Engineer: 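Questions regarding the structure given below will be posed in turn.
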Amino acid sequence: MNFDFEETPTTDLFADLTAPQQQAVRHVNGPLLILAGPGSGKTRVITHRIANLLCQGIPGSSIIALTFTNKAADEMRRRVHQLAGEQQVWMGTFHSFCARLLRRYASLVGLEPNYSIYDTDDSRRVLKQALANTKASTDHVTPGGIASAISWAKNGLCGPDDFVPRQYSATGAVAAQVYPEYQRLLREANAVDFDDLLLAIAQLLRENAELRAEWDDRYRYVLVDEYQDTNLAQYAIVRGLSIDHPNLAVTGDPDQSIYGWRGANLSNILEFERDFPDTTIVRLEQNFRSTPNILRAADQLIACNVRRKAKRLYTDRAEGPPVRLVVYPTGRDEADGIAARVAEEIRLGNRGANDFAVFYRINALSRTLEHAFRSAGVPYQVVKGLEFYQRREIKDVLAYLQLVNNPRDNFALLRIINVPPRGLGKVTVGRLVAYAQQQRLSLLEAARHSGMIPTIPARTANKVAALVAAVDRMAVHVPSGVCETLIAVLEQSGYRRWLETSESEEDEERLANIEELLTAAEEFDHEHPEPDQAVEHFLEQSSLVADTDAWEEQAERVTLMTLHAAKGLEFPVVHIIAAEQRLLPHERSMEDPDKLEEERRLLFVGMTRACEELQISLAQYRTFRGDRRPTIPSSFLMELPRQEMAYSEPGEEPDAGVDFSFDVEDFGSETAPPPVWTDAEFFQESPDDYQSSRFASGRSAKRSPGGAPTCRFPPSAFFPGMAVSHPQYGSGMIVAVGGSGNKRRARVQFFDDHQERSFLLVHSPLVPEGMEELLE
DNA sequence: ATGCGCCAAGTTTTT
DNA sequence: CTTGGCGCAT
């Protein structure tokens with residue numbers, strides 16, 4: 001509103017900002033790199049800067065702000081609105097921006113404007129079909145591996161013909177073979193996958209100079225949030241929009257880059273200054289979020305990374321309670337312990353449920369937590385990556401909508417051709433597909449001709465014809481908006497009746513979900529008064545929203561989410577669970593140093609979400625994939641400032657000076673009690689000592705005379721049941737441990753010679769299985 | 001063609 | 001422990 005706008009004096013935009021923040025907000029022309037540490041008021045700076053640009057008389061329509069998540073875009077929009085009123089500024093995700101642009105230029109890349117957007121699940125089906133069509137050998141490769149190879153290629157701007165597989169890579173070879181067919185199938189169905197959205201626009205901007213100049217001119221001020229997470233395609237897009245008018249402002253933090261697996265290229269931010277000459281660099285290093293205790297721990301951890309821009313984090317805040325490290329006997333104890341602690345704080349009235357968050361590396365770890373919180377009667381919400389829009393019934397119904405919007409969408413038709421069941425099975429589908437291929441028709445067109453397909457019996461052809469007629473009846477409603485079309489889909493497809501007549505409770509829930517979808521559709525219609533493109537835009541939105549976006553900030557509930565989902569958020573109290581080898585550095589990221597650094601950044605992101613209290617925990621035994629295994633403490637724990645942290649076992653006061661020792665009787669007993677680490681044991685070496693002893697004593701550690709530890713792992717890292725290897729005796733398994741501290745011993749059964757041997761752990765060259773590579 | 005049941009596999013993170 | 005894919009029996 002104009003009124004608001006004028007009531008907000010320019011000076012207010014700079015009030016309560018630090019000097020560096022003001023500098024960034026004031027910056028108008030030329031490239032700007034804002035290196036923003038966690039909690040440094042980055043969003044504030046971006047929104048104030050947009051408001052400032054508007055104050056300078058720059059039209060909102062020439063400003064574009066690109067984010068990675070809808071959540072970030074919504075937040076930005078809300079805050080800019082607050083500062084400067086309703087604006088024409090485009091604020092949205094890269095994908096939604098590209099989707100919109102691609103509608104306009106669809107024909108330039110062989111698409112029609114009503115193209116479908118396939119999510120990962122849909123893309124999988126296409127890939128499966130492509131694999132079948134090319135008869136590629138699937139030995140030694142997984143569909144997932146091929147999918148990510150293709151995705152990787154697209155993010156690196158490699159089209160199907162430029163793809164050069166890595167040598168000696170089975171997956172690469174198959175991907176090279178399948179990629180063109182995969183792409184052909186997508187185009188045939190007038191569909192794109194997520195990566196295509198970026199790829200297509202990047203290529204357009206690169207190859208079509210006129211078009212590039214037009215959009216560069218249109219968006220003279222470009223802002224990119226989380227720049228450290230951009231991949232090559234996104235980089236090309238940003239670059240293309242910033243050549244004639246290089247008023248590009250990016251914010252990011254190399255230490256918070258956690259999407260390398262998705263093709264994010266850390267070089268984009270590390271080399272921004274080289275790419276854009278005369279860049280102004282602003283460093284936001286003051287942290288307004290966390291206590292110094294938390295900050296020091298996070299800072300010391302991240303200092304272990306090599307690929308980074310050194311950065312000093314500081315805060316004016318007062319010291320808080322020490323960061324806690326807690327060891328629980330099992331994963332269940334861990335969950336129960338946290339839930340109990342949270343429940344107690346709430347009961348005492350110290351905190352509300354929404355003050356707490358629990359982070360974990362993988363979604364699978366949420367189950368135990370959910371169970372614990374439910375038993376403890378603590379309200380919680382799980383922020384899952386895939387929820388609503390991935391549900392079968394939602395995807396089914398949306399597939400009808402997709403088919404109606406894009407009649408060439410073969411995969412949508414394949415999905416719903418027999419849902420609800422209408423007697424059209426594999427055989428009929430096969431005949432339709434064959435006919436469509438032979439006649440070069442879309443599947444729906446082929447279905448229209450079902451009566452003329454000799455291989456299809458008349459009775460079946462009638463069923464097919466009925467389906468086609470139903471789809472046609474749905475299509476009639478498209479101009480009237482999403483809600484009406486959706487209702488037509490539910491009626492004409494028989495989907496609603498199918499669920500209604502079902503006895504199962506599951507189907508009842510599905511019906512409820514569909515009602516929810518209808519509500520969303522209604523809302524959408526309400527917000528988008530022009531009904532002609534409503535269905536298309538609704539589909540676009542539903543495929544580009546993640547459920548992370550549905551997280552309710554204000555709800556009185558504990559938040560449970562993955563470390564990835566936590567980025568950009570903050571909570572008074574944060575718990576990070578399962579700080580264990582193979583889980584927190586995830587097992588698939590342990591060998592590659594770059595990936596290991598990314599895991600470290602992930603933990604860094606998690607830690608820096610905490611404002612007042614931070615607890616990192618692990619379990620000695622964890623049940624995973626059905627079986628219970630002893631764990632190895634995360635190597636990252638060795639990189640924290642252990643001397644100033646509070647270490648405790650559940651039930652113990654922090655730093656209570658616990659001293660557990662094992663009886664020798666425990667040796668050899670099958671049911672040995674879980675191993676226990678004392679503070680002293682666990683934190684035996686400072687990081688520097690740890691590193692130097694690691695690298696000084698090579699693979700076959702020699703016994704040093706003075707009694708200094710030569711083992712490269714703390715004695716407490718070894719448990720009964722753990723697989724270990726020995727440079728001389730090969731691999732074996734620990735059958736028992738005893739003693740504590742430097743006297744802790746392990747008895748190992750070796751597989752090679754079937755002998756049992758006993759070791760004084762501090763001096764042993766024993767290495768936990770799978771950790772050998774870590775030692776170089 | 002449908003539905004059931006078994007076996008197998010595969011599990012990071014998300015637009 | 002889950003999901004999904006496949007094969008068999010009806």
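Keep in mind the model is a prediction, meaning the values are calculated, not measured. Chain naming here is simple, since letters A, B, ... match the order of the sequence lines and numbering starts at 1 in each.
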Engineer: Under a 3.5 Å cutoff, is there a donor and acceptor pairing between the side chains of Tyr495(A) and Asp396(A)?
Structural biologist: yes

Engineer: Report the nucleotide, chosen from dA1(B), dG5(C), dT14(B), that has the shortest atom-to-atom distance to any side-chain atom of Val427(A).
Structural biologist: dA1(B)

Engineer: Please tell me which of Thr460(A) and Glu599(A) maps to the more 5' nucleotide of DNA chain B, matching each residue to the nucleotide holding its nearest heavy atom.
Structural biologist: Thr460(A)

Engineer: Would you mind reading off the distance between Leu583(A) atom CG and dT11(B) atom C1', rounded to a whole angstrom?
Structural biologist: 12 Å

Engineer: Using whole Å, what does the distance between atom P of nucleotide dT15(B) and atom CG of Asp121(A) come to?
Structural biologist: 15 Å

Engineer: Leu198(A) CG to dT15(B) P: how many Å, rounded?
Structural biologist: 13 Å

Engineer: For a quick check under 3.5 Å, do Glu393(A) and Asn513(A) share a side-chain donor-acceptor pair by atom type?
Structural biologist: yes

Engineer: For the side chain of His95(A), starting at C-beta, report the closest nucleotide among dT11(B), dT15(B), dT14(B).
Structural biologist: dT15(B)

Engineer: Contact class for Phe624(A) (heavy atom, under 4.0 Å): base, sugar-phosphate, or nothing?
Structural biologist: nothing

Engineer: Just call it for Thr428(A): base, sugar-phosphate, or nothing, with non-hydrogen atoms closer than 4.0 Å on any strand.
Structural biologist: sugar-phosphate

Engineer: Answer yes or no: does a side-chain N or O of Asn418(A) lie under 4.0 Å from OP1 or OP2 of dT2(B)?
Structural biologist: yes

Engineer: I want to check one thing: is the phosphate of dT15(B), taken as OP1 and OP2, less than 4.0 Å away from some side-chain N or O of Ser151(A)?
Structural biologist: no

Engineer: Out of dG5(C), dT14(B), dT15(B), which has the shortest distance to the side chain of Ala565(A)?
Structural biologist: dT14(B)

Engineer: Give one of base, sugar-phosphate or nothing for Leu563(A), where a contact means two heavy atoms less than 4.0 Å apart.
Structural biologist: nothing

Engineer: Answer with yes or no whether Thr69(A) presents, from its side chain, a donor or acceptor under 3.5 Å of a partner atom in the base of dT15(B).
Structural biologist: no

Engineer: Could you tell me whether Tyr259(A) contacts a base, only the sugar-phosphate backbone, or nothing, with contacts defined as non-hydrogen atoms closer than 4.0 Å?
Structural biologist: sugar-phosphate

Engineer: Test of understanding: with ring pair (Phe, Tyr, Trp, His ring centres under 6.0 Å), list the residues that count as partners of Phe373(A), not counting sequence neighbours.
Structural biologist: none

Engineer: Would you please confirm or rule out a distance under 4.0 Å between OP1 or OP2 of dT11(B) and any side-chain N or O of Asn363(A)?
Structural biologist: no

Engineer: Expressed as a whole number of angstroms, how long is the span from Gln256(A):CD to dT14(B):C1'?
Structural biologist: 17 Å

Engineer: In whole angstroms, how far is the P atom of dT14(B) from the CG atom of Asn231(A)?
Structural biologist: 16 Å

Engineer: For Tyr380(A), check ring pair (Phe, Tyr, Trp, His ring centres under 6.0 Å) against everything at least two apart and list the hits.
Structural biologist: none

Engineer: Is any side-chain N of the basic residue among Lys595(A) and Glu598(A) closer than 4.0 Å to the acidic one's carboxylate O?
Structural biologist: no

Engineer: To the nearest Å, how far apart are Ile577(A) CD1 and dT13(B) P?
Structural biologist: 13 Å

Engineer: Side chain of Pro421(A), heavy atoms from C-beta onward: which of dT15(B), dT2(B), dT11(B) has the nearest atom to it?
Structural biologist: dT2(B)

Engineer: His586(A) NE2 to dT14(B) P: how many Å, rounded?
Structural biologist: 12 Å

Engineer: Whole angstroms only, please: what is the CZ-C1' distance between Phe194(A) and dT15(B)?
Structural biologist: 5 Å

Engineer: When the aromatic ring centroids of Tyr259(A) and His564(A) are compared, is their separation below 6.0 Å?
Structural biologist: yes

